[in-house]
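Throughout, residue positions are numbered sequentially from 1 according to the sequence presented. First listed ligand is number 1; within each ligand, the first listed atom is number 1. All values below were derived from every heavy atom in this structure, side-chain atoms included, with hydrogens, water molecules and symmetry-related copies excluded.
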Amino acid sequence: MSLPSRCAERPTAALGIGGAVRPDVLRNPFELVDLQRRRVEYLRLSVTDRCNYRCSYCMPAAGVDVVPRAELLDFAEMVALTRVFVQLGVRRVRLTGGEPLVRRGIVDLVAQLAAIPGVDDLAMTTNGHLLAELAAPLRAAGLQRLNISIDTLEPAQFAKVSRGGALQPVLDGIAAAQRAGFAAIKLNAVTLKGLNDDALVPLCDFAAEQQLVLRLIEYMPIGVDAFWGPETWLPVAEARARVSAAYALEPDDSGEIPGGGPARYWRGRHRQSGQELRVGFISAVSEKFCEACNRVRLSPTGTLRECLSARGALSLRDMLRAGATVEQLTAAIRDAMAGKVDGHAYDAAVPTLESMSAIGG
Ligand code: SAM
Ligand code: SF4
């Protein structure tokens, strides 16, 4: 694919932006900059809307309707669109879903994405259920980093929160990922009042023993059904207070933890054993971080979401299937990004109605 000449000559002028972009991000001649001058260099690519779990915070108990297979992007389309995003300055790609490991041929897709020049960081978020077998092939195919979701270490509680998931395969998957040589593996846990808030300190203990980074994620009102509400939502400050009862916490501004995402990291020291912990807190609702947002999302059907809360109006799949050129795709992405909102309104209790599994987290 050739570079679009208009963008090569006038990188940000197409958006009509004057003034300086954020100075803390390296300049890139083809950067994607929105009207708030946030530089977008991170693509979350959702590779499927299917999932083998039904997590209570992610989808309704009955599950969600999945789209017909023909509507999903195929691998060639994902690779072509990723190349376009890389030309626009994206350097980091994260595969998500649904559950990315249920997409047939996922190892092959990883190999194709890893081979794209300019993809400096290729990562995946997974529930880990199928990871025991796939960790080594994924690593060999070029996957660099893994985030593994695990909301509790108690099997019955795990089955309840994930609605039918099983803890042991996930633990086996974490062990396999460590053996396969993934560096800086992160564990993700969504914090839920009354469901797993008693599991946060044991998760910290596990992460500390295994020398893994734990991220505690505030529950977001996405795919809202009867489940989200004051009975289940735990403010991040409360999660932090529970952790700090067991661990002395100090902010970690070292920037050592790779990812550049929204987590605010802390170093912990166990108050009795002295065991060290690295823990991040992600709070989209009570401590929203929209002003630092550096990401764009592509749904499994090829719809661009410039914000998690956006409905997504641009179908890059339809453009590709209609024979759009790279220049046309680039221009459409730039236009859509110009409409990236200042921030979501979850803090004002305005939910996103589509389920997280369909959006990609
Ligand atoms: N299936 C994979 C997994 O669970 O890791 C990847 C997709 S999942 C949608 C991506 C991330 O979003 C997971 O870490 C999950 O815990 C998180 N998540 C899902 N629904 C959420 C919600 N309503 N609020 C906050 N985080 C959520
Ligand atoms: Fe599936 Fe991940 Fe959603 Fe759980 S959080 S239902 S594993 S997509």
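When side chains are defined from C-beta on, L187 does not count as touching L203, because their heavy atoms never get closer than 4.5 Å. Residues L214 and N188 form no side-chain contact, since every pair of their non-hydrogen atoms from C-beta on lies 4.5 Å or further apart. Between V190 and V161, every side-chain heavy-atom pair lies at or beyond the 4.5 Å cut-off. L216 is not listed as a side-chain neighbour of V236, based on a closest heavy-atom distance of 4.5 Å or more. The closest side-chain heavy-atom distance from D49 to V64 is not below 4.5 Å. The shortest side-chain heavy-atom distance between T303 and L298 does not fall under the 4.5 Å cut-off. Counting heavy atoms from C-beta outward, Y265 and R215 have side chains that approach closer than 4.5 Å.
For the residues G128, S149, S162, P100, the heavy atom positioned nearest atom 3 (C) of ligand 1 is part of S149.
Close approach of ligand 2 to M59 is summarised as follows: ligand atoms under 4.0 Å from at least one heavy atom of the residue are 6 (S). Of all atoms in ligand 2, numbered sequentially from 1 with element shown, those under 4.0 Å from a heavy atom of Y53 are 6 (S), 7 (S). Contact atoms of ligand 1 toward I217: 25 (C), 26 (N) (distance under 4.0 Å to a heavy atom of the residue). Which parts of ligand 1 touch N127 is read off a 4.0 Å heavy-atom cut-off, strictly below it: atoms 2 (C), 3 (C), 5 (O). The distance from ligand 2 to the heavy atoms of N127 drops below 4.0 Å at these ligand atoms: 7 (S). Ligand-side atoms of ligand 1 in range of E218: 25 (C), range being under 4.0 angstrom from any heavy atom. Ligand-side atoms of ligand 1 in range of N188: 14 (O), range being under 4.0 angstrom from any heavy atom. Proximity to V190 (heavy-atom distance under 4.0 Å) selects the following atoms of ligand 1: 16 (O), 26 (N), 27 (C). Residue E99 has at least one heavy-atom neighbour below 4.0 Å for each of these atoms of ligand 1: 1 (N), 2 (C). Those atoms of ligand 2 with a heavy atom of C51 less than 4.0 angstrom away are 1 (Fe), 6 (S), 7 (S), 8 (S).
Atom CD of E256 sits in a crowded spot, with more than 12 heavy atoms from other residues, nucleotides or ligands closer than 6.0 Å. Heavy-atom contacts from other residues, nucleotides or ligands closer than 6.0 Å to CD of Q211 number 12 or fewer.
Between R145 and D121 there is a salt bridge, since a side-chain N of the basic residue sits under 4.0 Å from a carboxylate O of the acidic one.
Heavy-atom distances between G97 and ligand 1 reach below 4.0 Å in at least one pair. Under a 4.0 Å heavy-atom criterion, S149 is not in contact with ligand 2. In this structure, G98 is part of the shell of residues with a heavy atom less than 4.0 angstrom from ligand 1.
Residue L304 is tested with V296, L43, L329 for a side chain to side chain contact (heavy atoms under 4.5 Å, CB included); the sole match is V296.
Among the atoms of C58, an N, O or S atom falls under 2.8 Å of atom 3 (Fe) of ligand 2. For atom 1 (Fe) of ligand 2, the set of nearby N, O or S atoms under 2.8 Å includes none belonging to C55.
Considering backbone and side-chain N/O atoms, Y57 comes within less than 3.5 Å of an N/O atom of ligand 1.
In this model, no donor atom of one side chain and acceptor atom of the other lie less than 3.5 Å apart for D120 and Q144.
By the criterion of a heavy-atom distance under 4.0 Å, the backbone of T126, and not its side chain, is placed next to ligand 1. Looking at T125 against ligand 1, both its backbone and its side chain come within 4.0 Å, counting heavy atoms.
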